[in-house]
Amino acid sequence: MESCHLLIHCEILNEMGILVSHHIRVTTHAAPEVSDLYMFSSRHIGHPLLICITGISPSAGEDDADYICEAEEVDETDHINGAFEETDYIFID
């Protein structure tokens with residue numbers, strides 16, 4: 001299996017109900033597709049973060065990523081394509 005390095009841009013609803021822009025770096029075992037659903041566990045957020053990929057661009061070698069992805073936070077839990085523990089990814093403010 002070939003690994004893919006993703007840089008995911010997404011807005012996350014914080015505990016005050018305000019959308020905050022974040023970046024997540026993660027390595028997956030397959031290239032991302034639009035509508036892929038990923039779950040990130042984090043003690044900083046207080047609940048599992050579920051994001052859905054809404055757009056994908058190949059990276060031009062920047063940011064040590066293979067793909068730059070746009071995503072949005074969702075509530076659905078069906079068909080999760082990848083689940084990541086806190087040590088499996090880097091959460092960038």
Side-chain angles (χ1 to χ4, degrees):
M1 237 185 264
E2 187 175 323
S3 62
C4 292
H5 304 286
L6 310 182
L7 178 61
I8 302 171
H9 302 270
C10 61
E11 290 187 334
I12 299 169
L13 197 62
N14 70 10
E15 61 277 351
M16 295 177 63
I18 299 170
L19 283 175
V20 180
S21 182
H22 289 283
H23 298 81
I24 301 170
R25 288 185 187 275
V26 66
T27 301
T28 63
H29 295 293
E33 294 183 15
V34 171
S35 78
D36 276 356
L37 184 65
Y38 296 113
M39 181 174 70
F40 298 91
S41 297
S42 173
R43 68 178 184 269
H44 299 292
I45 299 172
H47 60 85
L49 173 61
L50 296 166
I51 62 163
C52 180
I53 302 297
T54 58
I56 303 167
S57 303
S59 175
E62 57 206 48
D63 298 322
D64 296 325
D66 296 320
Y67 297 96
I68 308 294
C69 302
E70 294 296 324
E72 63 184 11
E73 187 174 12
V74 295
D75 294 327
E76 61 192 68
T77 58
D78 296 336
H79 310 294
I80 292 174
N81 298 88
F84 304 96
E85 295 297 324
E86 199 164 25
T87 57
D88 297 334
Y89 66 94
I90 299 172
F91 196 71
I92 305 167
D93 292 330

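Basis for what follows: all heavy atoms, side chains included, without hydrogens, waters or symmetry-related copies. What you are looking at is a predicted structure, and each value in this text was computed from that prediction instead of being measured.
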Shortest non-hydrogen pair, Ala31 vs Asp36, comes out as O-OD2, 4.2 Å

Nearest 0.5 Å, what's the CD-CG distance between Glu73 and Leu50? 7.5 Å

A side-chain contact here means heavy atoms from C-beta on lying under 4.5 Å apart; do Ser41 and Glu86 qualify? no

Rounded to the nearest 0.5 Å, the NE2 atom of His29 sits from the OG atom of Ser3 at a distance of 7.5 Å

Rounded to the nearest 0.5 Å, what's the gap from CD on Glu72 to NE2 on His9? Could you check? 15.0 Å

Go through the steps to decide whether Asn81 and Leu37 satisfy the test side chain to side chain contact (heavy atoms under 4.5 Å, CB included), and finish with yes or no. CA-CA 5 Å; Asn81 298 88; Leu37 184 65; 4.1 Å; yes

Approximate separation, where rounding is to 0.5 Å, of Cys10 SG and Leu19 CG: 10.0 Å

Heavy-atom side-chain contact between His23 and Leu7 under 4.5 Å: yes

So OG of Ser57 and CD1 of Ile68: to nearest 0.5 Å the spacing works out to 7.5 Å

Look only at the side chain of Thr54 and the backbone of Glu70, and say whether a donor-acceptor pair between them is shorter than 3.5 Å. yes

Kindly give the heavy-atom pair with the smallest separation between Glu33 and Ile53, and that separation in Å. O-CB, 3.7 Å

If you define the side chain from C-beta out and look only at heavy atoms, does anything of Phe40 sit under 4.5 Å from Ile8? yes

Cluster check Phe84, Leu49: I/L/V/M/F/W/Y, side chain < 4.5 angstrom: yes

Does the side chain of Val26 reach to within under 4.5 Å of the side chain of Tyr38, using non-hydrogen atoms? no

Rounded distance (nearest 0.5 Å) linking atom CD1 of Ile24 with atom CD1 of Ile51: 4.5 Å

Any side-chain heavy atom of Pro32 within less than 4.5 Å of one from Leu6? yes

Ignoring hydrogens, what is the shortest heavy-atom contact between Tyr67 and Pro58? Give both atom names and the distance. CD2-CA, 4.1 Å

